[in-house]
There are 2 protein chains.
Amino acid sequence: MEPPKHRRMTTQRLAILAAVVEGGDHPTAEEVHERVRQRLPRVGLGTVYRNLTLLAGAGIIRLVNLAGEPARFDGKTEAHHHVRCSRCGRIEDVVLPAGNEMREWVSARTHYEVTGHRVEFTGLCPNCKQAARRRT
Amino acid sequence: MEPPKHRRMTTQRLAILAAVVEGGDHPTAEEVHERVRQRLPRVGLGTVYRNLTLLAGAGIIRLVNLAGEPARFDGKTEAHHHVRCSRCGRIEDVVLPAGNEMREWVSARTHYEVTGHRVEFTGLCPNCKQAARRRT
DNA sequence: GTACATGCAAAAAGTTTGCCGACTC
DNA sequence: GAGTCGGCAAACTTTTTGCATGTAC
């Protein structure tokens with residue numbers, strides 16, 4: 001369970017990183033796999049998953065992970081959210097304003113017809129706050 | 001692909017509905033299965049999925065479907081969002097205010113230490129807006 | 001040379017589906 | 001009695017993992 005001490009920059013890892021960053025989109029692991037295989041045909045899907053997870057853990061790429069579909073990866077690590085088309089599944093970036101009327105704002109900005117949004121908060125519940133305090 | 005014309009209220013369907021509504025929590029399909037099997041031991045997981053999907057489609061329960069975990073179901077159908085503990089996975093309800101400072105507000109209201117939130121918009125992209133118009 | 005990384009294949013986890021007999025209306 | 005529904009098991013999709021070999025440092 002110990003994380004590795006040193007990272008090695010292998011051909012595969014570099015190609016996987018490039019496939020996510022240079023695409024400028026939000027590929028699934030499977031899509032990354034296809035792209036990488038055009039240059040390195042022997043790369044396995046397991047390797048793709050391992051490296052995407054590792055790169056996301058290092059903060060080099062972002063795990064998008066929208067609900068109800070396979071995970072996607074994003075070369076842009078700055079804070080931003082996403083619009084997803086409920087019909088074709090297409091995903092685009094959205095930078096939220098601080099203020100109100102978010103749906104209208106997003107709709108005007110992206111030319112999507114925004115029909116819904118989901119907000120999900122994460123954090124520590126009261127029990128876990130205590131538990132974390134004890135262990136620190 | 002045609003949906004059934006008439007719904008029948010079977011013992012199993014009723015028990016599955018009860019397991020979600022009476023629990024007052026956010027069970028996964030597997031958890032619903034366990035609860036139902038205490039009274040009806042021969043119920044299969046497939047039946048549970050079929051009925052949860054059907055009930056959610058009819059708007060009787062809600063599919064929660066947080067990112068990165070198995071789908072969950074919610075007996076409360078009014079508009080509300082969720083806080084999830086990133087440590088133990090516990091999920092609670094949150095009703096959002098219209099205004100700003102959402103994270104602080106959620107934190108004060110739920111006693112969670114809110115460390116992150118995700119916002120995901122859904123709708124129709126420009127292409128699909130046109131396509132939908134054509135078909136209507 | 002040593003640890004980390006890859007390839008391959010098997011397995012795990014979550015969900016869907018096909019078939020046929022059973023039950024609801 | 002017609003048509004929906006449930007039980008069971010198989011299949012499917014996405015992701016993880018074990019193991020022997022390969023490779024960056």
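Owing to the predicted nature of the structure, the values given are computational and were not obtained by experimental measurement. Order of the sequence lines sets the chain letters (A, B, ...), proteins ahead of strands, with each chain counted from 1.
Side-chain atoms of E31(B) come within 3.5 Å of backbone atoms of T28(B) as a donor-acceptor pair (strictly under, hydrogens ignored). Judged by distance alone, with hydrogens and angles left aside, the side-chain atoms of R13(A) form no donor-acceptor pair with the main-chain N or O of N51(A) at under 3.5 Å. A donor-acceptor pair under 3.5 Å is absent between the side-chain atoms of R39(B) and the main chain of A15(B), judged by distance alone. Remark: side-chain polar atoms of R35(B) are not paired, donor with acceptor, to backbone N or O of I16(B) under 3.5 angstrom. Under a 3.5 Å cut-off, the side chain of R118(B) and the backbone N or O of N65(A) do form a donor-acceptor pair.
Partners of H117(B) under the side-chain contact (heavy atoms from CB on, under 4.5 Å) rule, at least two apart in sequence or in another chain, are H81(A), F121(A), R103(B), V119(B). For T77(A), the side-chain contact (heavy atoms from CB on, under 4.5 Å) criterion is met by no residue, not counting sequence neighbours.
For the pair L55(B) CG and dT4(D) P, the computed distance is 17 Å after rounding to whole Å. Distance, I16(B) CD1 to dC5(D) P: 12 Å, rounded to whole Å. N51(B) has its CG atom 11 Å from the C1' atom of dT4(D), to the nearest Å. Atom CG of L54(B) and atom P of dC5(D) are 7 Å apart (whole Å). The NE2-C1' distance, from H33(B) to dG14(C), rounds to 14 Å in whole Å. Spacing between atom CG of L14(A) and atom P of dA24(D) amounts to 12 Å, rounded to whole angstrom units. For the pair E31(B) CD and dA13(C) C1', the computed distance is 14 Å after rounding to whole Å. With rounding to whole Å, R37(A) atom CZ is found 9 Å from dC8(C) atom P.
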Just distance, no hydrogens or angles: give the donor-acceptor pairs under 3.5 Å from side chains in residues 40-49 of chain A, sequence neighbours left out.
none

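For the pair Q12(A) and dT23(D), the criterion of a side-chain N or O lying under 4.0 Å from OP1 or OP2 is not met. Note on R13(B): every side-chain N or O is 4.0 Å or more away from OP1 and OP2 of dT4(D).
In summary, of the residues considered (K76(A), R72(A), R109(A)), a salt bridge (Lys or Arg N to Asp or Glu O under 4.0 Å) with D93(A) occurs for K76(A) alone.
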Please list, pair by pair, any protein nitrogen or oxygen found under 3.5 Å from a nitrogen or oxygen in nucleotides 21-25 of chain C.
unit_1  : atom_1 : unit_2 : atom_2 : d
dT24(C) : O2     : R8(B)  : NE     : 3.4
dT24(C) : O2     : R8(B)  : NH1    : 3.1
dT24(C) : O2     : R8(B)  : NH2    : 3.3
dC25(C) : OP1    : M9(B)  : N      : 3.2

I'd like a list of close polar pairs between nucleotides 14-21 of chain D and the protein, N/O only, cut-off under 3.5 Å.
unit_1  : atom_1 : unit_2 : atom_2 : d
dT15(D) : OP1    : A71(A) : N      : 2.9
dT15(D) : OP2    : Y49(A) : OH     : 2.3
dT15(D) : O5'    : Y49(A) : OH     : 3.3
dG18(D) : O6     : R50(A) : NH1    : 3.3

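Summary for the helix from dG1(C)-dC25(D) to dC25(C)-dG1(D): the axes at its two ends, each from 5 pairs, differ by 30° when rounded to the nearest 10 degrees.
Between H82(B) and H26(B), the two ring planes are perpendicular [angle over 60°; tilted spans 30° to 60°].
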Could you walk me through whether L17(B) and L55(B) pass the side-chain contact (heavy atoms from CB on, under 4.5 Å) check? CA-CA 8 Å; L17(B) 176 57; L55(B) 290 167; 4.1 Å; yes
